[in-house]
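Okay, structure first, notes after.
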Amino acid sequence: MEQKKKEKMGAVMWILFGILVLYTISMLIAIVWGVSTSLKSEDDFLMSKNILGFPSLNKDDPFNSRGTFFNLSNYAEVVKGFEFPVTSAYWYQGKNIMRYKTVNIPIMLVNTIIYAGGLALIRAFIPALVGYVCAKFDFKFNKVLITYALVTMTLPVIGTEPSILALQQKIGLYDTFFGHFLQNLGYGGMYFFIYISFFKGMSNSYNEAAEIDGASQFTILFKIVLPLTMNIVGTVMLLQFVHFWNSYQAPIMYLPTNPTLAYGLYYLVYNQGDRSLATTPHMLAGCMMLMLPTLVLFIIFRDKLVGNLSLGGSKE
Amino acid sequence: MFKTNTAEKKFAKRKKMMSMKNKIIFYIIIVIIPILHACVFEVYVNFQSILLAFQKYEIVNNLYQTSFTLENFKTAFSEFGKNWFMVKNSVVAWLIMAIANYPLSLLFSYYIFKKCSFGGLFKVILFAPNIISGFIMAILFKYMSNYMYPAVVLALTGETVPGLMAINSLETHFPTIIFFNIWTGFGTCTTMFLGSMGNINDSTLEAAKLDGATELQEFFYIIFPLIYSTFSTFLVLGITSIFTSQLSLYAFFKDDAGQSATWGYYLYRHTIYSDFVTDAYTLSFSELSAIGVIITMVVVPIVLSLRKLLDKLNPCN
């Protein structure tokens with residue numbers, strides 16, 4: 001695609017510019033305030049009523065945040081001291097299955113990597129594989145697959161979570177990563193249609209040349225197609241990884257004794273067992289720690305993450 | 001020579017059949033797992049959801065026993081009666097998002113598409129709430145509303161006001177939640193609209209420019225009609241989520257959203273504490289399924305009608 005030239009902005013564009021500047025300022029204020037507050041002591045924040053300012057580093061101020069700021073005390077205290085109990089209980093084949101454990105930050109970090117990494121892989125590759133066969137294989141069943149995906153995406157079916165929970169409990173896979181991964185093996189969703197558009201725009205000459213040379217369909221898929229599509233599959237995987245890294249409601253519902261960092265942060269904010277961590281600066285420190293990895297990924301891969309994953313396919 | 005041609009033809013035909021056979025085997029291997037998943041986790045689950053709505057579970061000798069009942073629907077209608085404000089909240093939230101969020105996202109996308117000043121930066125900032133956890137954004141916003149807002153008002157006017165999300169500020173909770181959802185809701189829409197605009201042929205835009213079209217004319221007569229399908233898709237998807245949208249209420253209030261609750265929040269909040277057999281404080285899987293069935297029966301015709309209406313309103317027709 002050619003680079004478009006910058007055009008002179010009209011009145012409408014200047015108004016939009018003004019709105020976007022205000023929006024940008026509001027977003028930056030939120031993040032800067034969050035970071036700043038997370039570096040304050042509780043005394044500095046509440047006793048000094050230093051709500052709007054930066055952490056007080058004045059030695060003469062009895063409520064200063066020097067220790068908290070220079071030692072990152074709030075962050076250290078959350079990492080070292082935050083732990084909480086998790087339980088789940090359900091009936092399976094006549095037995096009451098009860099699980100109880102206490103989890104801390106390292107355990108939640110491992111859970112998060114398994115959860116976000118596993119689901120990102122599944123939710124990026126399964127739609128890609130099905131999208132590939134729908135785009136490149138001229139079978140009548142493709143219409144069924146595409147229509148089904150469209151119907152499930154646009155037709156609202158409300159209240160299936162109780163049924164999913166009931167099914168998982170019945171087959172004994174409730175509160176397990178394997179059960180949750182099985183639940184997410186579907187191919188539907190927005191990215192399926194993006195993949196179809198993408199594969200339809202891809203030239204068939206590579207596949208045809210490989211077929212003539214005697215390559216099997218699996219060889220064509222893994223040695224030719226996937227390497228050529230790693231850009232888009234990688235972008236989808238990145239987006240899904242960020243989505244699942246931040247997800248806390250699904251782990252609360254389906255993985256109650258395998259909490260992720262997002263679930264843990266939720267617990268820190270609403271259920272703190274250790275009251276010393278129940279302060280606004282501590283809670284914001286927890287928020288900033290959860291935000292940091294995705295922010296780093298965002299800065300490194302911003303072109304991919306904010307790129308144009310289009311539903312329109314190639315230009316014709 | 002004739003025999004050679006026939007043999008060659010037979011060989012080519014057999015090769016083609018083998019190739020087709022391999023393709024079919026490959027196709028089946030690729031789609032079998034997603035199809036099985038669809039059969040179990042979508043078709044069976046939806047069917048089970050309807051069945052659950054008509055079942056009552058009891059534990060007898062450590063095993064579940066089921067019986068047919070219509071009591072779940074009685075409970076469902078009773079819950080609708082008690083919580084009618086949640087229907088209002090769900091619909092109002094969607095309407096405001098549709099009126100404020102989608103048009104603004106379209107205009108922001110157009111701004112970025114035209115490569116106006118700092119377009120790249122604004123694209124990143126608009127998408128940032130999609131990268132930062134929704135929970136973190138909600139907590140940040142909540143603390144800003146409760147601490148920063150009163151401090152700013154005090155500094156500017158000398159007046160002491162409660163936080164917008166404070167316990168004693170019930171009348172400001174819902175408007176503040178709506179504002180938050182608009183504030184953080186531009187990312188996905190803007191990115192998708194921008195993607196659609198990127199597929200518009202340059203020559204179409206150049207021709208319009210040569211004819212002296214202004215920015216507004218270009219937007220309303222060329223850009224919008226050409227990306228209408230993406231826009232209408234978002235409207236339809238918005239309607240499908242009208243009763244599942246939680247507006248981040250669980251992040252703001254945990255279990256006690258009070259008069260700000262929506263049906264999506266209500267269903268989630270009950271489901272996480274639910275079981276086959278439950279107590280007086282929460283609903284059972286069966287009762288929740290009955291509520292889901294009723295809502296689905298109401299929303300499906302609305303979605304189908306809206307899709308037809310949007311197709312008729314397509315400016316390209």
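Fair warning: this is a prediction, and the values are worked out from it, not measured in the lab. Computation of the quantities below employed the complete heavy-atom set of this structure, encompassing side-chain atoms and omitting hydrogens, waters and symmetry-equivalent molecules.
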| said: Could you work out, with salt bridge (Lys or Arg N to Asp or Glu O under 4.0 Å) as the rule, every residue matching B/K23, not counting sequence neighbours? | reply: A/E211
| Which answer fits B/A53, side chain, backbone, both or neither, if we ask what part of it has an atom under 4.5 Å from a heavy atom of chain A? | neither
| remark: Honestly, the part of A/K170 sitting under 4.5 Å from a heavy atom of chain B is side chain
| query | Do B/F253 and B/Y265 have ring centres separated by under 6.0 Å? | reply | no
| query | Should the pair B/F41 and B/H37 be assigned to parallel (<30°), tilted (30 to 60°) or perpendicular (>60°) ring geometry? | reply | parallel
| field | chain B contact via A/L297 - which portion, at a heavy-atom distance below 4.5 Å | value | neither
| With A/Y187, the ring pair (Phe, Tyr, Trp, His ring centres under 6.0 Å) member among A/F192, A/F125, A/Y132 | A/F192
| Side chain, backbone, both or neither of B/W183 within contact of chain A (heavy atoms, under 4.5 Å) | both
| query | What part of B/T244 lies closer than 4.5 angstrom to a heavy atom of chain A: side chain, backbone, both or neither? | reply | side chain
| Most chain B-contacting option - heavy-atom pairs closer than 4.5 Å, from A/F137, A/Y90, A/F45, A/W91 | A/W91
| At a heavy-atom separation under 4.5 Å, does B/S229 approach chain A through its side chain, its backbone, both, or neither? | neither
| How about B/F122 and B/F108: are their ring centres within less than 6.0 Å of each other? | no
| request: Go through the atoms of B/F141 and report whether side chain, backbone, both or neither lie under 4.5 Å from a heavy atom of chain A. | output: neither
| query | So what's closer than 4.5 Å to chain B heavy atoms on A/L129: side chain, backbone, both or neither? | reply | both
| Is it the side chain or the backbone of A/L185 that comes within 4.5 Å of chain B heavy atoms, both, or neither? | both
| field | chain B contact via A/N142 - side chain, backbone, both or neither, heavy atoms under 4.5 Å | value | both
| query | Using non-hydrogen atoms only, which part of A/F141 is less than 4.5 Å away from chain B: side chain, backbone, both, or neither? | reply | both
| query | Is it the backbone or the side chain of A/I15 that comes under 4.5 Å from a heavy atom of chain B, or both, or neither? | reply | neither
| query | By a 4.5 Å heavy-atom criterion (distance strictly below it), what part of B/I302 contacts chain A: side chain, backbone, both, or neither? | reply | neither
| task | Pick out which of A/Y267, A/Y263, A/Y266 makes a ring pair (Phe, Tyr, Trp, His ring centres under 6.0 Å) with A/Y248. | result | A/Y266
| field | Top of A/E161, A/Q169, A/Q93 for chain B proximity - count of heavy-atom pairs under 4.5 angstrom | value | A/Q169
| field | Residue B/I35 versus chain A: region with a heavy atom under 4.5 Å | value | side chain
| Part of A/L20 lying under 4.5 Å from any heavy atom of chain B | both
| task | Pick one of side chain, backbone, both or neither for B/Y273, based on which atoms fall under 4.5 Å of a heavy atom in chain A. | result | neither
| query | Is it true that B/K114 and B/E218 have a side-chain N and a carboxylate O under 4.0 angstrom from each other? | reply | yes
| query | Who are the side-chain hydrogen bond (donor to acceptor under 3.5 Å, both in side chains) partners of A/T219, not counting sequence neighbours? | reply | A/S216
| note | Bottom line for A/N96: the part with an atom under 4.5 Å from chain B's heavy atoms is neither
| query | What part of B/I139 lies closer than 4.5 angstrom to a heavy atom of chain A: side chain, backbone, both or neither? | reply | side chain
| message | Does any backbone or side-chain atom of B/I59 lie under 4.5 Å from a heavy atom of chain A? Answer side chain, backbone, both or neither. | response | side chain
